Amino acid sequence: MLRDITLGQYYPSQSVIHRLDPRVKLTATLLFIVSMFLFHTFVGYIIAGICLATVIIISKVPFKFMMKGLKTIWFLLIFTMFFNIFLTSGTPVFQWRFITVTKEGLTTAAFMGLRLFFLIIGSSLMTLTTTPNQLTSGMETGLRWMKKIHVPVHEISMMMSIALRFIPILMEETDRIMKAQQARGADFEEGKFMDRIKALVPVFVPLFVSAFRRANELAMAMEARCYHGDEGRTSMKPLRYARRDGIAYLLLLLYIVVIVATDRVVLGLL
Amino acid sequence: MLYLDKVNYIYQKGTAMEMPALHDVSIEIRDGEFIGIIGHTGSGKSTLIQHLNGLVRPTGGNIYYNGRDIWDEDFSRKELRTKVGLVFQYPEYQLFETTVEKDVEFGPSNMKLPKLEVQLRAFEALKTVGIGEDLYDVSPFDLSGGQKRRVAIAGVLAMKPEVIVLDEPTAGLDPCGRDEILEAIDHIREERKITVVLVSHSMEDVARFVDRLIVMDHGCVRFDGPTKEVFQNYEELEKIGLAAPQVTYLTAALIKRGIPLPGIATTVEEAREMLKAVTGVK
């Protein structure tokens, strides 16, 4: 069950996308997310969809693997779409007692659903092709200029890399704890809603205890290795841009231009 | 009682991280046996024991409990888990209640037993593992390592299982805590006459207690037989990264030097008897 969460998981493979500089991938993801809100017509969705599909194919991450990550947020997707369908005013297409479904509601629901879907797939593509270490070092170098305005960039990225590093560990631990409690007759699959919530207490208590213990040990280990924060700290693998990164930036720019331009054109036509 | 028929297990089947963990494992566990499972890290022993109570579903093969396939639609695995008790390696994975007593009661209360029966079973179990009444109201997090493990074992024992499976109950304990646990296990067997499966990597512990030894290597069963017979193959055991008890090497070396011992010994006591018989010293 817990293994199905692919958001934040790395999928090892040898592709151009994997080898790209993490700064490129971070910028790309950010711009992709922004681009989702730059267009108003269906053409934008088609272009974004095609581009996303191309990147997925190049990345060699199986699509099935990505879809597994969606499982956990189906609820959010359906929830959003549900409210959009029933609570948008406009021309009614279907009416039953107090329930009205409008044309506008259906289109916004479809677009909202698609937008969420793209956002999630897009950002999980980044985490699937970038190791947590690369990701945070990319963030640290990419945002270094913010230090001038006293943003603790290094501390934040260190916290992030530790958090990301702990996700799989804690997930595995949750799995084991659940098994240990199941071995004592705990039941996580049956019962009423409240019972199920109560059934999680025997999982969360040991999990928190172990998380705190681990955090303590890690802090001790870091201190033992003379970690002293940002000042004078060097990197084992300093980030350097290659040619492919330049090309990626260009393609990214092209994508934004195309998506905005076609949207304007189509809007003019309608 | 428990029968594994060509069980296979692959971790994360169908992904790039696919990893075989068990390969065609066939084992029969009979009533009242005391079985040891040894193998080095990653040999599949932990995966194997999670199959015994249906925590993990095999990717191939079948497991039968008293003749019934445990993955049948109408088979209750929840009930199976009360019959085949599994104690995980780290007690930290299961202790969560505010007091020792409440924690031990968790198992039997999941079985929907009357309150008195639950309490009675908890007391009995705690007594069997040698936890005194003075500790009943203590938080399980304040106990020593050995005490925590004994409470964890009691937590499973309180369900009155027919088989109890212990995953490396002595790992990471000091010699004192180790002896506490081993004594508790021995006591359980004596008192309850149940089947015990002990996963361990301490050859000395295994040799001292178990009657039958299963040796795992790379997800396969390499040896399965009476403890003594398995340790006869100490040279092969070494090849797969394991070893026989030290006293086995000692007696083997003595035989090589021409001292007429009746055979190799697996425990210190046994070796002493042999040497006494040979030398005539009392």
Side-chain angles (χ1 to χ4, degrees), chain A residues 1-6 9-15 18 59-69 128-129 168-191 195 198-214 217, chain B residues 11-17 46-47 49-50 52-56 76-98 102-113 118 125 139-141 148 152-159 161 164-167:
Chain A
M1 178 181 102
L2 288 159
R3 288 179 206 287
D4 291 341
I5 304 169
T6 52
Q9 230 181 63
Y10 179 66
Y11 186 93
S13 171
Q14 289 290 323
S15 77
H18 282 77
S59 77
K60 289 183 192 157
V61 179
F63 192 63
K64 240 170 77 188
F65 194 78
M66 248 172 221
M67 292 304 284
K68 259 171 55 190
L128 282 168
T129 59
I169 292 175
L170 288 181
M171 244 158 41
E172 196 170 298
E173 210 144 73
T174 314
D175 200 50
R176 272 194 211 155
I177 292 169
M178 279 173 91
K179 275 182 186 161
Q181 302 300 25
Q182 273 176 313
R184 291 206 288 166
D187 199 336
F188 305 112
E189 274 129 40
E190 277 161 40
D195 291 339
K198 266 189 214 151
L200 287 178
V201 174
V203 177
F204 280 135
V205 175
L207 188 64
F208 274 105
V209 170
S210 119
F212 279 112
R213 196 192 32 135
R214 274 180 194 283
E217 278 168 11
Chain B
Y11 270 106
Q12 306 214 311
K13 202 178 177 174
T15 71
M17 282 83 92
S46 285
T47 314
I49 56 168
Q50 287 179 20
L52 299 180
N53 66 349
L55 280 174
V56 174
S76 165
R77 276 172 299 282
K78 202 178 159 189
E79 207 184 305
L80 172 73
R81 285 172 198 148
T82 67
K83 300 271 194 275
V84 182
L86 174 59
V87 187
F88 276 77
Q89 183 173 358
Y90 297 106
E92 286 81 5
Y93 286 150
Q94 66 172 69
L95 302 176
F96 73 100
E97 272 288 4
T98 45
K102 274 194 201 158
D103 206 280
V104 176
E105 281 171 4
F106 180 69
S109 65
N110 278 329
M111 295 164 74
K112 311 246 152 43
L113 297 167
V118 168
S139 162
F141 299 104
K148 271 187 196 165
I153 294 171
V156 171
L157 209 59
M159 299 192 296
I164 189 161
V165 185
L166 302 130
D167 190 2

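What you see is a predicted model, and the numbers here were worked out from it, not measured in a lab. The basis for the numbers below is simple: all heavy atoms, side chains too, and nothing from hydrogens, waters or symmetry mates.
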Check: How long is the span from the CZ atom in A/Arg213 to the CD atom in B/Glu92, to the nearest 0.5 Å?
Finding: 6.0 Å
Next item on the list: Please flag which part of B/Leu95 lies under 4.5 Å from any non-hydrogen atom of chain A: side chain, backbone, both or neither.
Entry: backbone
Check: Is it the backbone or the side chain of B/Gln94 that comes under 4.5 Å from a heavy atom of chain A, or both, or neither?
Finding: both
Check: How long is the span from the CG atom in A/Asp175 to the CG atom in B/Leu55, to the nearest 0.5 Å?
Finding: 9.5 Å
Next item on the list: Determine whether A/Lys179 and A/Arg176 make a side-chain contact, defined as any pair of heavy atoms from C-beta on separated by less than 4.5 Å.
Entry: no
Check: So, are A/Asp187 and B/Arg81 salt-bridged, with charged N and O less than 4.0 Å apart?
Finding: no
Note to self: Rounded at 0.5 Å granularity, tell me how far CZ in A/Arg184 sits from CZ in B/Phe88.
What the structure shows: 11.5 Å
Check: Tell me, side chain or backbone of B/Glu79 under 4.5 Å from chain A's heavy atoms, or both, or neither?
Finding: neither
Checklist line | Heavy-atom proximity to chain A below 4.5 Å, by part of B/Val87 | finding: neither
Check: Can you tell which of B/Tyr90, B/Tyr93, B/Phe106 has the highest number of heavy-atom pairs within less than 4.5 Å of chain A?
Finding: B/Tyr93
Next item on the list: Check whether B/Met159 gets within reach of chain A through its side chain, its backbone, both or neither, counting any heavy atom under 4.5 Å.
Entry: side chain
Checklist line | Heavy-atom side-chain proximity of B/Val165 to B/Asn53 below 4.5 angstrom | finding: no
Next item on the list: Flag the one option from A/Ala183, A/Pro206, A/Pro202, A/Ser210 with the top tally of heavy-atom pairs under 4.5 Å to chain B.
Entry: A/Pro202
